[in-house]
Amino acid sequence: MAKSKSVYVCQNCGVESSKWVGKCPSCGEWNTFVEQVISKSPHPKSSLAHEFSERQTPQKLSEIIPRKEGRISSNIQELDRILGGGIVPGSMILIGGEPGIGKSTLSLQMALRLNHLKSLYVSGEESPQQIKMRADRLKLSNEGCFILSETSLESIFNHIVNIKPDIIIIDSIQTLFSEHLESTAGTVSQIRETAARLLKFAKESGTPVFLIGHITKEGNLAGPKVLEHIVDTVLQFEGDQHHMYRILRTTKNRFGSTSELGIFEMSDKGLREVSNPSEVLITQTDEQLSGTTVASTINGARPLLIEIQALVSSAAYGTPQRSSTGLNIRRLAMLLAVLEKRAGFRLGQKDVFLNIAGGIKVDDPATDLSVIASVLSSNLDLTIDKSICFAGEVGLTGEIRPVNRIEQRISEADKLGFKKIYISRFNSKGIDTSKFNIEIIKVGKVEELFRSLFKKN
Ligand code: TYD
Ligand code: MG
């Protein structure tokens, strides 16, 4: 009998070593090596090159016949939009997110809404009874939706052959295991093997496969990076559990644009789509408060108006605090330095807190102008009218720089009934102002913004 051999595999990056090491030489992570026995079974080593090498010969691009069938609608508009217009047949989509964020809810909701198709929802985490309870909460039912509580890949494939589903959901990839490998479920080799075989199945049969993936405490998708490489689309489900809104973001998409956002609200009947996010992200009160302004941002293809709140107060302790939710803290520090140096505001001894309403994160530089206006407003305790919004980047010299797709930003603000928008002076060329009702105010420097906002006389 052949002697069984074992290797040590880094659970973070998948590097193999013949002996245990404390620190991975490849990714630098500590304590990630796990012993794995190499199976002696005649199962071919699953490498992607191997899986696809059979039956395929090189073809001229011009001779390849595109698949006729178009995209499949998930019947969840927000999901369709971030996928680039629906589910592409044969594609593999990975949904990642923290526990309890709503990955299982979203996928079950999709499976139940696809009532013209046969769907197979495989759960390695919940029993069919638990899934039934969830479906009852969602108040949805679908005769074509099959539930399977199973973790063995081989047995799942047997059921797939019998049921012939049009769409498959695996909840989650970390619970699957292949009987060909001796390592436990959730290890790098199991994730790699099961995902590669599901991918092969998806490509050959044209059946879209959704994989649900856990994320690590650092916020990365658990498992090897290779998982993100082999799937076609990676969707990240974000949002604090305590916030009402959940944001679905594409971080990779072979069939559409990335950085699209889909916004959902968790209700007692599952996830509800939020189709007019700008309206919900802005506090609807008549009260005027200092430190609150609205920025016209762009996320993916969609303009989004968000509320930025700042609170500036005298530092309670020796070292002033800077805290930011939803916006990069370094960006905030840079903007405060610009205000201090270029506009002469003494913020060095002040605590500054910044918050983007609704728990969303933005990295659009066009929020700079709004951040500055919020900080100034809170510092002076002077309110800025709620009908004003901002779109501009601030440079290190205090200049207001142009931002992309300005017309779209203006038009969104106009549509939502804002009366004035501040933009960069250098952004105004070629804008057809006649088609907007909103007043466009052009500023070139931070001082100009300050004068225009607060020095009325
Ligand atoms: P779930 O989909 O189980 O999260 P994940 O699969 O990402 O771990 O989401 C569970 C959370 O959603 C849980 O905290 C309860 C909440 N929830 C509702 O508020 N309303 C509902 O109708 C459902 C089904 C879940
Ligand atoms: Mg779940």
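Values in this document were obtained by computation on a predicted structure and should not be read as measured data. First listed ligand is number 1; within each ligand, the first listed atom is number 1. For this chain, numbers begin at 1 and follow the sequence in order.
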>> Tell me whether ligand 1 is touched by Glu98 - counting only heavy atoms on the residue side and a distance under 4.0 Å.
In response: yes
> Considering distance alone, does some N or O of Gly100 sit under 3.5 Å from an N or O of ligand 1?
Replying inline: yes
>> Would Ser267 count as a contact residue for ligand 1, given that I'm defining contact as a non-hydrogen atom of the residue lying under 4.0 Å from a ligand atom?
In response: yes
> Are side-chain N/O atoms of Asn253 and Thr233 paired as donor and acceptor at under 3.5 Å?
Replying inline: yes
> Does a side-chain N-to-carboxylate-O contact under 4.0 Å join Arg331 and Glu393?
Replying inline: yes
> Which of the numbered atoms in ligand 1 are below 4.0 angstrom from a heavy atom of Lys269?
Replying inline: 22 (O)
> Under 4.0 Å between a Lys/Arg side-chain N and an Asp/Glu carboxylate O for Lys252 and Glu228?
Replying inline: no
> Near Ser104, which atoms of ligand 1 are under 4.0 Å from a heavy atom of that residue?
Replying inline: 2 (O), 5 (P), 6 (O)
> More than 12 heavy atoms of other residues, nucleotides or ligands under 6.0 Å from CG of Asn404: is that the case?
Replying inline: yes
>> Suppose the criterion is side-chain hydrogen bond (donor to acceptor under 3.5 Å, both in side chains): which pairs have a residue in residues 146-161, not counting sequence neighbours?
In response: Glu150-Ser155, Ser152-Glu179, Glu154-Ser178, Glu154-Arg197
> List-wise, which protein N, O or S atoms are found short of 2.8 Å from the Mg ion (ligand 2)?
Replying inline: Ser104 OG
> Quick one: salt bridge (charged side-chain N to carboxylate O under 4.0 Å, His left out) partners of Glu126, sequence neighbours excluded?
Replying inline: Arg134
> Should Lys203 and Asp232 count as an ion pair when the cut-off is N to O under 4.0 Å?
Replying inline: yes
> Is Arg134 touching ligand 1 with its side chain, its backbone, both, or neither, if touching means heavy atoms under 4.0 Å apart?
Replying inline: side chain
>> Side chain, backbone, both or neither: which applies to Asp268 and ligand 1 if a contact is any heavy-atom pair less than 4.0 Å apart?
In response: backbone
>> Is there a polar contact, in the sense of an N or O pair closer than 3.5 Å, between Leu138 and ligand 1?
In response: no
> Just which atoms of ligand 1 are under 4.0 Å from any heavy atom in Gly102?
Replying inline: 1 (P), 2 (O), 4 (O), 5 (P), 7 (O), 9 (O)
>> If I take atom CD from residue Glu193 and atom CG from residue Leu198, how far apart are they, to the nearest 0.5 angstrom?
In response: 10.0 Å
> Taking 4.0 angstrom as the limit, do Glu412 and Arg409 come out as a salt bridge?
Replying inline: no
>> If you count heavy atoms of other groups shown closer than 6.0 angstrom to NZ of Lys118, is the number above 12?
In response: yes
> Should Pro99 be counted as touching ligand 1, given the test is an N or O pair under 3.5 Å?
Replying inline: no
>> Going by ring-ring contact (aromatic ring centres under 6.0 Å, His included), name the residues that satisfy it together with Phe157, two or more places apart in sequence or in a different chain.
In response: Phe201
